Amino acid sequence: MPAVGTDVLELCGVSVALGGTPVLRGVDLEVGPSEIVGLLGASGSGKSTILRVVAGLEQQQRGEVRWSGSAIDHLPAHRREFGMVFQDHVLFAHRDVAGNVELGLRLQGRDRAMRRARVAEMLALVGLAGYECRRIATLSGGEQQRVALARALAPSPKLLLFDEPFGALDRPLRDRLVADVGAILHAAAIPAIVVTHDHDEAFALSDRVAVLVDGRIVQCAAPSQLWRHPADEQVASLIGIGTAVDAQRDGDVLDTPWGRVPDPGSDTDSGSVARRGDHVRVVLRPDALSVADDGAITAIVRRLAPRGDRTMVEVAIGGAPLVWAETDRDDHRAGDAVRLRLRRDALVVFPETSSG
Amino acid sequence: MDLHRARLSTPVASRRAAAMVAAACVPIVFIGWFFVWPLVAILGRGLIPGGHVHLGPVLDVVSDGRLRHLAIFTLTQAALSTVVTIAVGIPLAGVLARRRLVGARVMRGLVLVPFVLPTVVVATAFAALLGEGGPLGSWHLVPGPAAIIGAHAWFNLAVVVRVVGARWANIDPRLVEVARVAGAKPMRAFREATLPLLAESVMAASAIVFLFCVTSFGVVLVLGGPRYGTLETEIYRLTTQELAFDRASALVLVQMLVVLVTLWVASRAARGAGEQGRLVASRDATRPLRGVRERLGVAAFLGAVLVFLLAPIVVVVARSLSGGLDAYRSMGTEVPVLAASPASTIGTSLRSALVATALAVIVGGLAAAVVAGMGAVRGVRGAGARRSRLGGALELVLLLPLGVSAVTIGFGFVIALNRPVHLRSSWWLVPIAQATVAVPFVMRTVLPALRSVDARQRDVAAVLGARPARVWREVDFPVVRRALAAAATFACAISLGEFGATAFVARADAPTMPIAIRRLLARPGATDHRTAFALAALLVVVTGVMAVAADRLGDARGGY
């Protein structure tokens with residue numbers, strides 16, 4: 001628990017209903033000093049509503065939002081001194097780049113010289129030095145997103161809120177921006193909440209990731225922890241691990257559709273204490289299977305999917321559902337028989353009850 | 001938990017709601033007082049004269065010979081006007097939409113000019129052209145139905161060209177080519193391929209033109225003389241000459257019934273008419289003229305249309321100058337029939353129009369802000385915010401004056417506005433009447449601009465530290481600025497030329513320009529007529545310039 005008085009944002013039991021439909025149901029969340037927290041969830045899970053409540057744009061029906069230990073629910077948006085970056089930039093088309101970036105400074109009543117210096121500084125920070133007089137319409141999508149970021153950063157907000165900030169951009173641009181934004185935020189030591197439905201983005205940017213399902217936070221952990229021990233199948237699917245299949249536990253061995261494999265669960269805390277003959281659900285992480293001549297599993301290649309740095313093959317193991325495996329060879333053909341190795345720790349096991 | 005629930009309504013939220021209610025009060029009080037209340041008074045007088053329901057006055061329209069004759073003339077002239085307008089408008093729309101012509105833009109602009117002119121000016125231009133002493137005076141068409149129909153066709157041509165032309169330009173040209181290749185002659189190909197696709201737009205344009213002609217007042221009053229009248233002019237005559245308010249109220253109700261039935265029939269017919277068919281939006285549907293025959297035919301047709309469009313304006317200006325600049329120089333001298341000098345009517349018009357513009361912009365602007373504000377349901381993300389039911393209802397109420405003729409508004413003022421405040425003899429009555437006519441136009445201009453503002457831009461400004469008033473200044477105002485300017489120009493042009501409502505409420509010794517023109521024209525005498533033509537020429541210039549300005553301001557999207 002952080003001490004009262006430090007710059008910590010806390011949501012305690014926040015519930016919101018919009019038009020009678022519950023959107024958030026008792027959300028607890030904490031963002032520490034200069035911490036970046038990712039909010040991951042499917043569309044409609046309530047991610048953006050959390051941001052709007054924190055920003056003061058939406059009023060919760062229950063619960064409390066605290067900053068540095070004291071409630072800020074009574075503060076309107078314009079007095080919270082937070083910053084917000086929206087998905088499709090939402091820049092003011094009737095102003096040039098500088099006019100957009102300096103808006104918060106003008107609202108703070110800063111003088112012109114200070115504004116000009118700060119705008120130049122912010123534009124340099126986001127990699128757009130010298131763009132002051134450009135019109136918004138002449139910028140590319142990535143440049144517009146950088147301007148939106150500079151606009152949010154300029155007034156030195158206490159906390160930055162990102163609503164799907166990179167959603168509208170194409171993949172390479174997105175990866176570069178994600179890296180840049182992470183570096184900028186850490187350098188400026190500004191805490192942030194980043195709402196996204198893209199698990200790669202959430203993992204790349206966040207110190208911790210909160211997974212939101214139907215208005216509840218079902219798990220909140222560091223990316224590596226989340227990846228290793230997803231709380232349930234739904235979380236596993238949201239962070240992109242794969243779909244679960246039925247299996248049976250037999251001592252230290254799992255009887256899966258892909259054959260009998262050693263149970264990784266005995267040394268983890270993911271499942272309850274399992275007994276012989278228990279029904280379980282098993283998920284294979286994408287890195288679980290790889291082609292290896294000394295592998296224990298025999299499979300037939302169905303098709304190939306080159307992915308740039310490596311090749312994935314879709315394989316059939318007996319009559320089990322098709323799964324993907326990594327390979328460093330590029331001479332596989334459909335119909336080839338291959339041997340696969342299974343990484344024990346890439347197998348995630350849930351007790352039967354957690355399904356659905 | 002109770003502690004948390006106590007925070008449910010924040011001071012911010014409730015203050016915003018209070019501001020919204022306060023802003024809504026202005027348009028609601030204005031429309032309630034100056035539109036709904038007069039309408040209620042008309043209903044009361046028309047249906048419940050003397051305290052109990054009595055349909056006599058309404059049924060008189062059927063039984064009373066004179067009224068029946070008026071009703072029949074009203075519908076007949078409107079139908080004939082519509083037929084003439086459509087007959088000229090369809091080929092014009094087709095040529096402008098489908099042929100590549102030098103000066104097509106200029107032609108399209110010219111077609112719009114008569115439409116933006118005040119009705120009294122339209123009538124005056126035709127009186128100058130067809131009346132005594134005019135180039136076509138020997139045809140003896142004024143006063144008479146031919147002049148009325150001609151004037152109606154003249155200013156409604158724009159409706160057909162705009163409505164039908166827009167549709168025509170989007171019909172795939174290959175449809176006609178297919179018909180031609182299959183062996184159809186040009187007219188046959190038009191009937192088979194084009195007409196069915198145009199049918200809906202032709203029906204819509206006809207309905208609009210018919211409605212304009214049924215409720216036409218200034219044109220009929222000036223060009224119909226004492227012999228030819230419509231329901232609108234009869235309402236005016238009953239009110240001003242016979243003070244028969246109950247009968248006039250009954251006629252207003254009959255008139256509104258006619259309008260409603262027309263709208264109903266038009267919407268039924270438009271729904272059933274024609275096919276959707278293949279449309280192309282982006283393709284250039286125009287083709288160059290081919291062959292000598294087509295060139296000559298199009299040239300002759302466009303030449304005739306050009307003469308038709310320009311002649312009334314040219315003649316009214318020329319006749320105002322028939323005595324040199326006398327008509328303009330002598331404007332400072334008082335004219336007996338006006339009880340004022342023509343110059344002072346210009347002053348009266350300007351003062352009244354400025355006040356009316358201010359009122360209309362305040363009322364219409366606030367109404368638009370409230371409707372847009374209520375439309376954006378909180379919590380719904382982005383610009384695609386749904387409109388709330390309350391906002392929709394308010395929008396409808398505020399647009400209602402659009403569906404009611406100016407004569408109805410003026411008449412309602414006469415019978416209703418001595419209570420609760422005695423406004424009947426107040427100077428304010430004229431600008432208020434003009435503002436009532438202009439408010440819906442202001443609202444229709446400002447509302448789309450306000451709705452185009454992305455709600456999240458307001459969020460951005462708020463998060464960056466802008467209070468609600470500052471949010472408006474930073475986000476909404478820059479976008480709405482141009483729309484407001486366009487609306488103000490529009491409202492001013494409407495007020496300057498307003499005749500239907502003003503005719504009922506203008507004081508005898510302080511006429512506005514349109515009122516003065518009508519009074520001068522009703523008298524025999526070349527000097528008075530020349531003064532009327534001069535005032536009309538001034539209005540042509542002023543309202544024409546304003547219409548172009550409003551169009552430009554409205555077209556360019558807020559500052560982008």
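Below, read A as the first sequence line, B as the second, and so on, with proteins coming before strands; counting in each chain starts at 1. Because the structure is a prediction, the values reported are computed rather than measured.
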Response to the item:
Looking only at A/Gln108, A/Arg80, A/Arg95, the option with the highest number of non-hydrogen pairs under 4.5 Å against chain B is A/Arg95
Worksheet item: Is there a side-chain contact between A/Pro76 and B/Arg467 (heavy atoms, below 4.5 Å)?
Response: no
Worksheet item: Out of curiosity, A/Arg106 CZ to B/Leu464 CG, how far, rounded to the nearest 0.5 Å?
Response: 10.5 Å
Worksheet item: Taking all atoms of both residues into account, what is the closest heavy-atom pair of B/Ala466 and A/His78, and its distance?
Response: O-CB, 3.0 Å
Worksheet item: Are any of the side-chain heavy atoms of B/Val460 and A/Arg151 separated by less than 4.5 Å?
Response: yes
Worksheet item: Could you walk me through whether A/Asp163 and B/Arg456 pass the side-chain contact (heavy atoms from CB on, under 4.5 Å) check?
Response: CA-CA 11 Å; A/Asp163 192 357; B/Arg456 289 170 309 167; over 6 Å; no
Worksheet entry | ring pair (Phe, Tyr, Trp, His ring centres under 6.0 Å) contacts touching residues 35-67 of chain A (sequence neighbours left out) | A/Trp67-A/Phe82
Worksheet item: Can you tell me how far CZ of B/Arg470 sits from CG of A/Leu107, rounded to the nearest 0.5 angstrom?
Response: 4.5 Å
Discussion item. Test: ring pair (Phe, Tyr, Trp, His ring centres under 6.0 Å). Region: residues 454-483 of chain B. Which pairs qualify, not counting sequence neighbours?
Written reply: B/Trp472-B/Phe477
Response to the item:
If one checks every heavy atom of B/Val475 against chain A at 4.5 Å, the contacting part turns out to be both
Worksheet item: Could you give the distance from CG (A/Leu51) to CG (B/Asp459), rounded to the nearest 0.5 Å?
Response: 11.5 Å
